[in-house]
Amino acid sequence: MDLRAEPFDLTLRTPFTIARSTQLKAHNVLVEVRDGDHTGIGEAAPSAYYGERRETVLAALPYLAEKLGNDPLLREDIAANLNATLHHGNAAAKVAIDMALYDLAGKRLGVPVFRLLGLNPARTPITSFTIAIDTPEAMAERAREAAREYPILKIKLGTPHDIEIVRAIREATNATLRVDANAAWSAKQAIQTINRLAEYDIEFVEQPVAASDLEGLRLVRENVSLPIIADESCATLDDIERVAGRVDGINIKLMKCGGLGNAIKMIHAARAHHLKVMLGCMIESSLAITAAAQISPLVDYADLDGALLTSDDPFDGVRVERGKLMLPNGPGLGVQRRASATKQKGRKHD
Ligand code: MG
């Protein structure tokens, strides 16, 4: 199998501000894995918060490419080889390959990935649409506009004006609202804030406290009425046992866990601990979003809006209709490069 990597940028329609950062562009990498007549494609959307950058992905891929072997259907063996090569992290680099292998398998067998996995495309959830941090007035305006197309909104919090923001948005729309503090609050602040937010009819709260503050998660959950979902505190399969009993659910992201196969294992482990499951994303094109959407019939909540937030998505894949994820019927991931997408310089690793 040959592997080829190609960097590409995504531009955000509006600055993507969360509690700890503002992002204007995403620096992602397209990976193509070729086996005979078939080519599978995957995407890495590296996150500096989880220790990756485009440069680390491009540096890791040649080492991983050497471990692909010659049977693309042996995904479990290949995943074990990749993990043995680079033990820790590099999840985005690994998931780009894993995604490409699923795509390749589907194309070779002539079926969409969701069929390969035995999943019903009618069971995809409705994705939320994220309202990034801005002034309460600007966020309320954006929420009013977004709610015309998306029935579920996710509001980024972790500002000095959190209550004001949610009040303004609730006055602007009756959409389902979820909030995400991105680890910004102390446990005490979280309990006070969440108990005040409860009157605005909020569905759940994501990552109220610091990622490592597991005791804080438990304390918050025991002292508020809204469900708590762990995101930054739960990156991989190993984290599930640590957060179980301290939260109501987890947010799984391909770019944190390193593969569709790993994400499926996390979903089942979470179920064994009676946790709700959400499927989230980074700023990703329709390629990685469609890959995540393929397994979305297995989850309770989706936050797969990464491509919707960008203005130059080079791919067509999953469509979103009134928030509902509509999976493409093509073989593999069913993702096509848009005709208008210009090719950037590629790098080839045999
Ligand atoms: Mg989150």
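In listed order, ligands and their atoms are each counted from 1. Side chains included, hydrogens not; waters and symmetry mates left out as well; all remaining heavy atoms used.
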Angle subtended at the Mg ion (ligand 1) by Asp180 OD2 and Asp231 OD2, to the nearest 10 degrees, is 180°
I'd like to know if the Mg ion (ligand 1) has an N/O/S atom from Glu206 within less than 2.8 Å of it, counting both backbone and side-chain atoms. yes
Taking only Lys NZ, Arg NE, NH1 and NH2, and the carboxylate oxygens of Asp or Glu, determine whether Lys253 and Asp231 approach each other closer than 4.0 Å. yes
Identify the heavy atoms of Ala184 and Ala19 that sit nearest to each other, and give their distance. CB-CB, 3.6 Å
Looking at Lys265 and Glu76, is any side-chain nitrogen of the basic one under 4.0 Å from a carboxylate oxygen of the acidic one? yes
Just wondering, is there an N, O or S atom on Asp303 that's nearer than 2.8 Å to the Mg ion (ligand 1)? no
Are the charged groups of Glu164 and Arg167 less than 4.0 angstrom apart, N to O? no
